[in-house]
2 protein chains.
Amino acid sequence: MNKQNVPDVIVSRLPVYLRALQRLADAGETATSSQELGEKVGISAAQIRKDLSQFGEFGKQGTGYHIPFLIERLSQILHVDRIWDVAVVGMGDIGHAVARYNGFANRGFRVTHCFDADPAKIGKEIGGFIILDAKNLVEEVRKAEIKIAMLCVPATVAQDVADRLIEAGVRGILNYAPLKLIVPSTVRVQHIDPAIGMQRMTYYFD
Amino acid sequence: MNKQNVPDVIVSRLPVYLRALQRLADAGETATSSQELGEKVGISAAQIRKDLSQFGEFGKQGTGYHIPFLIERLSQILHVDRIWDVAVVGMGDIGHAVARYNGFANRGFRVTHCFDADPAKIGKEIGGFIILDAKNLVEEVRKAEIKIAMLCVPATVAQDVADRLIEAGVRGILNYAPLKLIVPSTVRVQHIDPAIGMQRMTYYFD
DNA sequence: TGAAACTTGTGGTGAATTGCACAAAAACGA
DNA sequence: TCGTTTTTGTGCAATTCACCACAAGTTTCA
């Protein structure tokens with residue numbers, strides 16, 4: 001259960017397990033096995049058992065895993081047994097889409113703040129939120145105690161905005177800008193770049 | 001240069017190198033070193049040299065790498081020394097955003113076809129394209145010889161749409177639906193799920 | 001009841017990946 | 001010209017990671 005000892009590669013798989021379990025639960029299932037779960041997520045059964053064993057003994061021999069219980073434990077481990085408020089910065093096409101994204105429901109997140117620097121956009125409404133002036137980003141994010149941000153600004157200003165988010169207390173950034181952010185080791189970054197995903201596929205094409 | 005022998009993990013880093021090199025080129029730079037590139041992408045210099053050496057000797061001792069040449073070679077290796085036509089299926093918020101995404105410019109891709117099954121959306125224009133009827137997906141995709149698709153439909157129909165894309169000749173799918181697709185080994189899938197990215201960060205939060 | 005069928009958690013093993021260190025080559029400067 | 005600096009490509013070592021196999025616990029069913 002010691003956080004220091006769990007490799008990143010294992011942590012990165014836990015959300016995948018959780019997502020599959022929630023789909024099973026939604027389908028009315030109450031029990032599963034490492035075998036079945038492995039087929040759903042494309043990971044070997046042995047791998048799943050070993051990953052989960054890092055955090056405790058959640059299964060029962062002969063029976064497998066009780067889905068609601070495993071969901072509860074994984075949610076606790078991943079700290080999504082609560083709702084995290086999220087700020088979206090940059091209200092272009094991507095920011096617009098993620099702000100309205102309904103895929104966060106029951107997964108631990110909700111967008112509560114949207115920012116943009118463009119005067120033409122400030123004050124407009126998107127998905128029930130008023131777009132706030134990016135000038136007040138540090139102040140607003142700090143006041144709302146937001147720890148997670150989605151960065152949807154152009155690459156040219158991404159590092160600057162990231163610095164200000166961190167100054168405001170943000171500890172995790174989902175980065176849609178096509179560059180690597182330089183952040184302190186206390187801050188986590190996840191990169192999302194569709195073009196990189198596509199280039200990882202075209203390599204294998206003729 | 002043998003494709004079979006290059007591990008996936010190395011291939012997955014090449015687009016990251018390419019992206020950083022293109023940024024350097026845009027900034028007017030013509031030369032770089034594994035050291036400098038490593039700092040830009042957050043990967044050790046030795047790792048970068050070893051990765052590149054899988055495909056040839058692109059650098060020169062004492063000098064480093066000539067950026068335009070390395071961009072050219074990496075583009076060839078990743079098969080983005082051409083433009084791939086891309087189909088977007090599902091014109092919800094995400095599909096809308098990726099169809100209009102301008103981050104593909106100069107990275108080997110352009111959206112040419114948009115599909116949706118909703119009669120209210122069919123025929124409407126998005127980013128210069130008319131939304132086509134998903135009923136004709138197989139026929140249209142095959143006719144246009146499209147090999148890459150972005151899947152932005154709800155999870156409930158994602159597998160079915162993926163099957164039809166593959167039937168139509170698609171060999172790579174960028175999947176925004178929150179589930180693992182079952183595909184033949186000849187087809188590549190890249191998953192994009194913002195919630196999973198965020199849960200990979202909250203694990204490390206208190 | 002008892003045997004057969006399942007399934008977990010884990011020790012051991014082999015493979016894959018990363019990091020280190022250095023020879024060799026090129027550039028630079030005095 | 002010649003020593004110093006820079007940098008690549010790579011053999012080797014160390015680490016990390018994934019997989020196999022099995023004892024032990026549980027359920028099922030005759």
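The figures here come from the full heavy-atom set of this structure, side chains too, leaving out hydrogens, waters and symmetry mates. Here the structure is a predicted model, which is why all the values come from computation and not from measurement. We name chains A, B, ... by the order of the sequence lines, and we start the count at 1 in each one.
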Using heavy atoms to find the nearest nucleotide of DNA chain C for A:Ala45 and B:Gly62 separately, return the residue whose nucleotide is more 5′.
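Nearest-nucleotide comparison on DNA chain C picks A:Ala45.
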Q) Does a nitrogen or oxygen in the side chain of B:Ser34 sit under 4.0 Å from OP1 or OP2 of D:dT8? A)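 Result: yes.
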Checklist entry - When you check the gap from the basic side-chain N to the acidic O, do A:Arg73 and A:Asp81 get nearer than 4.0 Å? => result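 Between A:Asp81 and A:Arg73 there is no salt bridge, as every charged N stays at least 4.0 Å from the carboxylate O atoms.
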Open item on the list: What verdict does the side chain to side chain contact (heavy atoms under 4.5 Å, CB included) test give for B:Met198 and A:Val86, after you've listed the backbone C-alpha separation in whole Å, the side-chain angles of each residue and the deciding distance to 0.1 Å?
Closed with: CA-CA 10 Å; B:Met198 306 233 274; A:Val86 175; 3.9 Å; yes
Quiz item: Would you call the rings of B:Phe69 and B:Phe58 parallel, tilted or perpendicular, where under 30° means parallel and over 60° means perpendicular?
Solution: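 Plane angle over 60°, so perpendicular.
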ask   = Parallel, tilted or perpendicular: which describes the rings of B:Phe104 and B:Tyr101, with under 30° parallel and over 60° perpendicular?
value =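 Geometry flag for B:Tyr101 against B:Phe104: perpendicular rings.
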Roughly, in whole Å, what's the span from [atom1] in [X] to [atom2] in [N]?
| X | N | atom1 | atom2 | result |
| --- | --- | --- | --- | --- |
| B:Ile67 | D:dT7 | CD1 | C1' | 15 Å |
| B:Glu36 | D:dT6 | CD | P | 14 Å |
| B:Arg73 | D:dT8 | CZ | P | 17 Å |

Could you go through the side chain to side chain contact (heavy atoms under 4.5 Å, CB included) check for A:Arg188 and A:Arg171 one step at a time? CA-CA 6 Å; A:Arg188 295 268 153 183; A:Arg171 300 178 56 198; over 6 Å; no
**Leading and trailing nucleotides of DNA chain C with any atom under 4.0 Å from heavy atoms of chain B** =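 Contact boundaries, 5' end first: C:dT17 to C:dA27.
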Pairs: protein N or O with nucleotides 16-21 of chain D N or O, under 3.5 Å:
| residue | atom | partner | partner atom | Å |
| --- | --- | --- | --- | --- |
| D:dA18 | OP1 | A:Arg13 | NH1 | 3.3 |
| D:dA18 | OP2 | A:Arg13 | NH1 | 3.2 |
| D:dA18 | OP2 | A:Arg13 | NH2 | 3.2 |
| D:dA18 | O5' | A:Gln47 | OE1 | 3.4 |
| D:dC19 | OP2 | A:Ser44 | OG | 3.4 |
| D:dC19 | N4 | A:Lys50 | NZ | 2.8 |
| D:dA21 | N6 | A:Arg49 | NH2 | 3.3 |

Is a donor-acceptor pair below 3.5 Å formed from side chain B:Gln61 to base D:dT7, judging by atom type as modelled?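 No.
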inquiry  = Could you tell me if the side chain of A:Asp85 sits less than 4.5 Å from the side chain of A:Phe109, heavy atoms only?
reply    =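 The answer is no; the side chains never approach within 4.5 Å.
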Mapping A:Thr63 and B:Ser53 to their closest nucleotides on DNA chain D, which lands nearer the 5' end?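 The 5'-side residue here is B:Ser53.
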Evaluate A:Asp193 against B:Arg107 for salt bridge (Lys or Arg N to Asp or Glu O under 4.0 Å), listing each step before the verdict.
CA-CA 11 Å; A:Asp193 185 332; B:Arg107 298 182 69 185; 3.1 Å; yes
*Among all residues two or more places apart in sequence or in another chain, which pass the side chain to side chain donor-acceptor pair (under 3.5 Å) test with B:Asp118?*
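For B:Asp118 there are no side chain to side chain donor-acceptor pair (under 3.5 Å) partners, ignoring immediate neighbours.
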